[in-house]
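Every chain is numbered from 1, with letters handed out A, B, ... down the list of sequences.
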Amino acid sequence: MSASAISAPSGEPQRVTRFAPSPTGELHLGNARTALFNLLLARNAGGRFLLRIEDTDAERSLDSYTTALMADLRWLGIDWDAGPDREDERGPYRQSQRGTLYAQQFAVLERQDVLYPCFCSPPELELSRRAQLSAGKPPRYAGTCRDLTPAERARRQAQGLAATLRFRVPRGERVTFVDFVHGPQSFLTDDIGDFVVRRADGSAAFFFSNAVDDAFMGVTQALRGEDHLTNTPRQLLILAALGLAAPAYGHVSLIVGADGTPLSKRHAAVSLREYRERGYQPLALANHLFRLGHSTPLHGLLTLAEMARAFDAAHLGRAPSRFEEQQLGVWQKEAVHHLSADAARAWLAPLLPVGLDERVTDAFIAALLPNVVLPEDARPWVDIVFGGPPALEPAVEEVVRNAGAGYFSAAAAAAARSGNDLSAIADAVRAATGRQGAALYMPLRAALTGRAHGPELAPLLRAMPAGKARERLARFA
RNA sequence: GCUCCCUUCGUCUAGAGGCCCAGGACAUAGCCCUCUCAAGGCUGUAACACGGGUUCGAAUCCCGUAGGGAGCGCCA
């Protein structure tokens, strides 16, 4: 669905959402879901979706992560109206390139005296935090530099001490807002310590750059992880001091593992890359994510466009959602079964022997697709169908032994006559032995594949190179 | 420690005082179909964390308890 397929109700400002990752690692499930939800939230109202890279931490941010992030998002089917590779007048979309704007806004705040330089060193701050914690108190900034006189500030500056800029949080006030997922929220400013808005190296800190960018980029709805909920008052304070409009904030619960603890490598693969490499379909992942912490009356595999139409922020969950790979597997199976012939070929091609005839390839895939969830499920069948005669697994040894020589000589003869036509072979065996049902088919399956279970025999046989079937049947004659 | 968030079947969830001895989907069990598996059809098992209130009536409102999570960073 294109952004213009649904137009915003006239008179209402266009909805703008964003995904704002920091390029300090691989895109993981939680972030991918946040991105998806924001995309859907925008598209649902015919709005715009932005991608902003929060790379203010020069030490940890890597360009390669940004590139990978964008590739992962696109793989999932998420595309943005504006972003680092699609700049517009609200950009640039990399925070590392927005220093001028931040400097202007710092100046606005400095004029109001809501900012003050803090000369405390990281070790000092760490010490203070630890002391407070062990005294059973909240580890907040102690306010050491809050009320320095101009002379004291000048003296420290003269010593060459690098200063951060802190936000002077007012005392005794209450910050309220309506979280569009959780409802009304209220925080006391006395519980909030003065926080850093500009680092000693001059770069903008998260609370500041994130809030300012949302305002200047015209973001109307910021849907993010619940870990940001208690930080929201700080950002509201900044925006209020700047006289900028805040977006509506909504916080989705975190994704947890099967045991209810925060999702980690211990539970499952957490990066999108791993799922992609294991052969998961992007649509499978999107469908699972769509229903994780979000509910819809719709059943079955949905396209991104359908998800956008059905997305409803009112049905965003407040409780943490457990990520279970088994559930993802259900969507994966659905997605695989819905694969077009071309897509299925592309999906399984890496497993197939090179130089295979196109018709054989297609027959093989058609036979196998209903029985596989991941490419690895198809792997053994490549050998069974295209390799040498398969050894019998123990479960079917007796099936073959009990069939009797007449069974297989009839089968082999039919195979020689009619090629890999299952019904011709079955007819011949039926005529020769009088068998029917499982007694008729199981020895064929066993001799042909070595296994008791597998894809349907007729299509599988069509994929098998000529002569192979006859050879396999003849070996028990 | 302080502040905040959360708690309905195994899982994702519906539910905004009577429509709920709680509905759906997936998972799971049984049956049917069937050469096996898968698919499909039918049937079933299965949950309001706990304790107090308020009310004629509570999954829904209030208080508390327990458990889980987040934040309190010159990380985002």
When we call it a touch if two heavy atoms are under 4.0 Å apart, what does [X] touch: a base, just sugar-phosphate, or nothing?
X	value
L292(A)	sugar-phosphate
P370(A)	sugar-phosphate
G454(A)	base
R445(A)	base
A200(A)	base
P297(A)	nothing

Please check the phosphate of [N] (OP1 and OP2 only) for any side-chain N or O of [X] closer than 4.0 Å.
X	N	result
R234(A)	rG71(B)	no
R199(A)	rA76(B)	yes
H315(A)	rG15(B)	yes
R129(A)	rC74(B)	yes
S321(A)	rU13(B)	yes

Side chains of R198(A) and S209(A), donor plus acceptor under 3.5 Å: no

Polar contact flag, side-chain donor to acceptor under 3.5 angstrom, R445(A)-T449(A):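 Checked: R445(A)/T449(A) side chains show no N/O donor-acceptor pair below 3.5 Å.
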
Let's test this: given Watson-Crick or G-U wobble pairing with both distances under 3.5 Å, identify the partner of [N].
N	result
rG57(B)	none
rU34(B)	none
rU11(B)	rA25(B)
rA16(B)	none
rA39(B)	none
rG64(B)	rC50(B)
rC4(B)	rG69(B)

Counterpart residues, ring pair (Phe, Tyr, Trp, His ring centres under 6.0 Å), relative to F364(A) (two or more places apart):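 In terms of ring pair (Phe, Tyr, Trp, His ring centres under 6.0 Å), with neighbours along the sequence ignored, F364(A) is linked to F386(A).
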
Counterpart residues, ring pair (Phe, Tyr, Trp, His ring centres under 6.0 Å), relative to F106(A) (two or more places apart): F208(A)

Between [atom2] of [N] and [atom1] of [X], the distance in whole Å:
X	N	atom1	atom2	value
L374(A)	rA38(B)	CG	C1'	15 Å
H299(A)	rG24(B)	NE2	C1'	5 Å
H267(A)	rU11(B)	NE2	P	13 Å
F311(A)	rU13(B)	CZ	P	12 Å
E126(A)	rC75(B)	CD	P	12 Å

R60(A) side chain, from C-beta outward: closest of rA76(B), rC75(B), rC35(B):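 From the listed options, rC75(B) comes nearest.
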
Candidate nucleotides rC6(B), rG71(B), rG10(B), ranked by approach to the side chain of H182(A) - the nearest: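 Minimum distance to the H182(A) side chain belongs to rC6(B).
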
With a 3.5 Å cut-off and heavy atoms only, can you find an N or O donor on one side and an acceptor on the other between the side chain of [X] and the base of [N]?
X	N	result
D57(A)	rC75(B)	no
Q327(A)	rC26(B)	yes
R140(A)	rC72(B)	no

H288(A)/F323(A) aromatic ring centres below 6.0 Å: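 Yes; F323(A) has its ring centre under 6.0 Å from that of H288(A).
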
Within the 6.0 Å centroid threshold, strictly below: H228(A) and F207(A):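 Between F207(A) and H228(A), which both carry aromatic rings, the centre distance is not below 6.0 Å.
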
